[in-house]
Every structure is written in C-alpha cells, then in structure tokens.
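First the proteins, then the strands, lettered A, B, ... as listed; each starts at 1. Since the structure is predicted, the reported quantities are computational estimates derived from the model, not experimental observations.
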Protein chains: 2
Amino acid sequence: MASNRKQETSEKIITTAIDLFSKDGYNGVTTEQIAKEAGFSEKTLFRHFQSKQNLLEKAIDRYHYGEEMRSIFESKVVWNLQEDLTLISQNYHRIMYQNRKLLKMLMKIGENVPGLHQYSHRHPELLKEFLTNYFEEMKNREKIIPVDAEKIAITFLYMNFGFANGRMNGSCDFRDGEFEKLLKDSVALFTRGLTP
Amino acid sequence: MASNRKQETSEKIITTAIDLFSKDGYNGVTTEQIAKEAGFSEKTLFRHFQSKQNLLEKAIDRYHYGEEMRSIFESKVVWNLQEDLTLISQNYHRIMYQNRKLLKMLMKIGENVPGLHQYSHRHPELLKEFLTNYFEEMKNREKIIPVDAEKIAITFLYMNFGFANGRMNGSCDFRDGEFEKLLKDSVALFTRGLTP
DNA sequence: TTAAAATGTCAGTCAGTACAGACATTCATT
DNA sequence: AATGAATGTCTGTACTGACTGACATTTTAA
C-alpha cells in the first residue's frame, strides 16, 4: 500500500528527530540534518510535517510512555514487599529505557513549550499516588513499620529515577547484569529498612 | 575602582546567561536577550566576552560546583551511620541547590560540547568513591551489615540526585521543611536497612 | 503499461542572529 | 573641571536555517 510507505517515512523521520533532539536539543538540530540522517530530502520532511515545530509535537505525541506506565498500576501486587517492589521497579525501568531518547529530548526542551511540564509530570504523579496507597495498605496489614507512606514512595521513585537517569547518560558502567544487580540491592535495602 | 565595575558587569552578564540558558538552552537564547535582561547593550556583552561560545565557557568554569563539592569529602565523619549520611546529604543538597541553574543549563547543553561530559561527571564519580570507601570501612567496623558497598553508595547517590532533580524542576511541592523531612526519612530508611 | 502517489532537485525567499566598526555618551577618579 | 575607562547607539555584514514552488524522477498498484 502507498499509505503504508508514507507512514514508514514519517516513522523514520520521527525516530531520527527524537534521536538527534535527544543529543543536541531542539534548537541544536536542523531540519536538513534530520532529513539527511533519516535518508530523505528536506523537502520530504516538510511535506510530511509542514513545520519543524509540528514534527516536534508529533514526536512528543508518540510518547506512549504514559500508556505503558499504566501497566505498572496493573502490576499484580501480592502484598509481599520484596516481590512487589521488584516488579514495580522492573516495569518502571523497562518503560524508562524504552523511552530513554524521548525522555532525554523532553528534558532538554525549554520551559517555553506550554503544557509540556504538566504533561510529563502527570504520570510520575500518578505513580507516586499508586505507591503511596500501596505503602499505606502495607502499613494497615502490618507488613511494614509505621512510616510516612508518601515520603517513602517519593524516595523509592526518585531513587529509581536517579538510576534511570544514570543509565541514560552512561554515568556508571551498567553493563550486562550490573544494572539488575543494583536494582536488586536497592530493593533489598528498602525491604530490610521497612519490614518490622 | 574601574576594574571593579568591569568585573561586576561581567558577573551580571554571566549570571543572567546562566539563568536564561537554564530555561531555554544555549541555542534557545540570543545574545541580545542576555544583554537586555542583564541591563546592558549587546555591544557590551561582546566587549566582555568576544563570543557567545566564550560566554558559555566562562559561565561553566566560573560557577564550577566542583570545588564546593570537595567540602563533602571534608565532612567530618564520626562513624555513626545516621549522623554521617545526614551530614553528607545535607552538604550535597546545599551545593546542588546553590548551583541548580548551572546544573539545569549543563543538562540542556548538547553532547557536542567536548569534554563537558567528563567534566560534569568527575565529581560525582569522586563522591561515589568516597562513599564506597566509607561503607567499606563501616563494614570492617561491623557497624553495617555485609553488603556491596559500591552498590549502596550508588543507590544513596542516585536517590539524592533524584531528590535534587525533583526539587530543581519543582515536581513535588517541597515547601518549607518538607524537603528536609524527606531527607531525614530517607536517611532513616538507609540506616535501618543497613544497621545489623 | 500506465496513472497516481511519493520523493528528489534546485533555486530562492525571508527572518533571525552572531558579531564588527564608528562615534557619541556616561561615569568614576583626581 | 578634566580625563580616560566603560558603556550606549546605530548601522551594517555575513551567515544560517526554516520553509516554498516548479519541475523531474522514481516507486507503487491496478
């Protein structure tokens, strides 16, 4: 089909744009670079997206990150701290890693993009609430010591955000299973710190 | 003194540049904007810094948080886990907060700036080593349980980086003493998770 | 084979922006 | 008050980069 080909072209241009934007930011990349890198002419880029700004917006829309994040909430918790935290952090990092370039891109985009800030903070907020409720319930079940559930949730989330950020920017050497081991140790620490 | 006045002008331009760069990135701000916002003419900006690129470089090495970071290493550890972690995290966040705009700026700058990546990762690396050695020694003294010292150090650091990042971007409402409470709770969690 | 859809080429427009020179003006110091 | 340093103003240059239109070429589907 023709429409299929058209779609593939758009797809290729978008992913290339995300790739370059994530490295050098929106203003640091030219439409010519994007088109060339994607293997098309600049003209084709504009035929597909009309403007650079629109290309950016289409790239952001592609952010299915939000929808995927929902899968975390659907994580079947079994009310066992270690198991649950492991599952949650694994899901979290899978999603963050899949969307790492988009995330880097978003972090580089200025504060001048309206609504973006709220948009990109909506899902983390939901995740925080989800975790807070989880810890609250665990307290009721007397499976963890009495703590400020929200603060523990924030701590767990920001710790994992830190991990994800470090992995994205290649700060530490997270080769092979190193990253998984780190997650395991951090979950173990939480578990030991919270179980009565 | 005349040289004093000159210096003050440079200072004002640099801080303004950092302020704007941190919001919209290097390419998202014009020299005209910087000059105007700083209260000078564009010509003065160029008389002081010759080029925009040079202004960026001066901004980067004038506000190097690296030296301040050294004060963390000079933190007098007393080999009491809770006290030491509290002191370290407090120092860390003081420095991160002071340099928050510079840090935001650095995060937005593309990977095309040579050497910047290594430069901005040098001090966190040192801090990681410092902390790793600390946990190692605490193990020897049998004040904490046997764990992978490096992984715990990474966990503690990335958690705090996550906090700092959240505070910089205003993700959560860290008003009044909320942030301090968060630090306290997270240190308590670590302490409980590591003490035998 | 053929028509339509998709892409390429190339030349060009237009706005924005880093930066320079000439000259006027303000400011601090004596 | 006078002088030199610092700054302002204004004009201009050179270049980049988003975006367009006309026309040619390739690709796809019937």
Whole Å only: how far is the [atom1] atom of [X] from the [atom2] atom of [N]?
X     : N      : atom1 : atom2 : result
B:R5  : D:dG8  : CZ    : P     : 8 Å
B:F46 : C:dA20 : CZ    : C1'   : 10 Å
B:R47 : D:dG8  : CZ    : C1'   : 7 Å
B:E42 : D:dT11 : CD    : C1'   : 13 Å

Do the side-chain N or O atoms of [X] get closer than 4.0 angstrom to the phosphate oxygens (OP1, OP2) of [N]?
X     : N      : result
A:T44 : C:dA6  : no
A:K52 : D:dA18 : yes
A:S51 : D:dA18 : no
B:H48 : D:dA6  : no

key: A:L87 reachable from A:V187 in the ILVMFWY side-chain graph, under 4.5 Å edges   =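 Shared cluster, no.
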Ignoring hydrogens and angles, write down the donor-acceptor pairs under 3.5 Å from the side chains of residues 155-165 of chain A, residues two or more places apart or on other chains.
from   : atom 1 : to     : atom 2 : distance (Å)
A:T155 : OG1    : A:K151 : O      : 2.8
A:N160 : OD1    : A:H93  : NE2    : 2.8
A:N160 : ND2    : A:F156 : O      : 2.9

query = Any cation-pi pair here, B:K52 with B:F46, using under 6.0 Å and within 45°?
reply =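 No cation-pi geometry.
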task = Rounding to 10 degrees, work out the angle separating the end axes of the helix from C:dT1-D:dA30 to C:dT30-D:dA1 (five pairs an end).
result =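 Computed angle between terminal axes is 30°.
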query = Using a distance-only test with no angle check, is there a side-chain donor-acceptor pair under 3.5 angstrom linking A:E42 and A:T31?
reply =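 Per modelled atom types, A:E42 and A:T31 side chains form a pair under 3.5 Å.
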message = Could you check whether B:E150 and B:T132, counting side-chain N and O atoms only, form a donor-acceptor pair closer than 3.5 Å?
response =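 Their side chains do not contain a donor-acceptor pair, so the 3.5 Å distance test is not met.
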ask   = Going by heavy atoms in the side chains, are B:N27 and A:Y26 under 4.5 Å from each other?
value =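 With C-beta onward as the side chain, the pair stays apart.
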request  = For DNA chain D, find the residues of residues 30-40 of chain B with a heavy-atom distance under 4.0 Å and give them by number; none if there aren't any.
outcome  =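 B:G39, B:F40, in order of number.
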query = So which heavy atom on B:G193 is nearest to which on B:I145, and how close?
reply =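 Closest heavy-atom pair between B:G193 and B:I145: O-CD1, 3.6 Å.
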inquiry  = Apply side chain to side chain contact (heavy atoms under 4.5 Å, CB included) to residues A:I109 and A:F21 and explain how you reach the verdict.
reply    = CA-CA 9 Å; A:I109 292 189; A:F21 286 157; over 6 Å; no
key: Chi angles and distances behind the salt bridge (charged side-chain N to carboxylate O under 4.0 Å, His left out) call for B:E8, B:R5   = CA-CA 5 Å; B:E8 279 170 22; B:R5 183 186 171 198; over 6 Å; no
